[in-house]
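What follows is a single structure, written as structure tokens, with notes after it.
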Amino acid sequence: MFRTRSAASDMQTHSSDDLQREYDLITRERDGGHNALSAINAQNDIVRELERRER
């Protein structure tokens, strides 16, 4: 199941490793043909959070 917009706000409580694993899982699901807009949005949210942490 993909993240919803409301669930994205709790990303700050997850470790960077957890976020990377979730990103990779979504990538595998999308590679399998599950290309829901919510999956794309979730990946974008994860990338933004990971980039924010690198600053």
Side-chain angles (χ1 to χ4, degrees):
M1 180 172 215
F2 301 118
R3 280 188 183 279
T4 62
R5 180 52 98 181
S6 61
S9 63
D10 75 346
M11 279 190 206
Q12 294 179 353
T13 63
H14 291 83
S15 72
S16 295
D17 288 339
D18 287 343
L19 291 174
Q20 187 61 52
R21 280 190 289 276
E22 184 167 354
Y23 182 90
D24 294 342
L25 173 63
I26 294 169
T27 297
R28 286 192 300 276
E29 290 174 347
R30 290 182 62 201
D31 287 346
H34 302 284
N35 288 310
L37 183 58
S38 60
I40 297 167
N41 290 337
Q43 282 188 311
N44 289 339
D45 290 344
I46 291 169
V47 168
R48 279 197 281 297
E49 176 62 21
L50 290 172
E51 288 175 345
R52 184 192 67 77
R53 291 177 185 195
E54 291 177 6
R55 292 184 194 158

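Note that these values count all heavy atoms, side chains included, but never hydrogens, waters or copies made by symmetry. These numbers come from a predicted model, not from an experiment.
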**Prompt:** To the nearest 0.5 Å, how far apart are CD in Gln20 and OG in Ser15?
**Reply:** 10.5 Å

**Message:** Pair Asp18, Arg21 - check salt bridge (Lys or Arg N to Asp or Glu O under 4.0 Å), show working.
**Reply:** CA-CA 5 Å; Asp18 287 343; Arg21 280 190 289 276; 2.3 Å; yes

**Request:** Taking salt bridge (charged side-chain N to carboxylate O under 4.0 Å, His left out) as the test, write out the residues that go with Arg52, two or more places apart.
**Result:** Glu49

**Item:** Smallest separation among heavy atoms of Met11 and Ala42, with atom names
**Value:** CE-O, 4.3 Å

**Item:** Rounded distance [0.5 Å steps], CD in Glu51 versus CD1 in Ile46
**Value:** 12.0 Å

**Request:** Identify which one of Thr27, Leu19, Ile26, Leu25 satisfies the side chain to side chain contact (heavy atoms under 4.5 Å, CB included) criterion when paired with Tyr23.
**Result:** Thr27

**Message:** For Gln12 and Arg53, which I'm curious about, is there any donor-acceptor pair between the side chains at under 3.5 Å?
**Reply:** no

**Request:** Indicate if Ile40 and Val47 have the same hydrophobic cluster label, given that clusters are the connected sets of ILVMFWY residues with side-chain heavy-atom separations under 4.5 angstrom.
**Result:** no

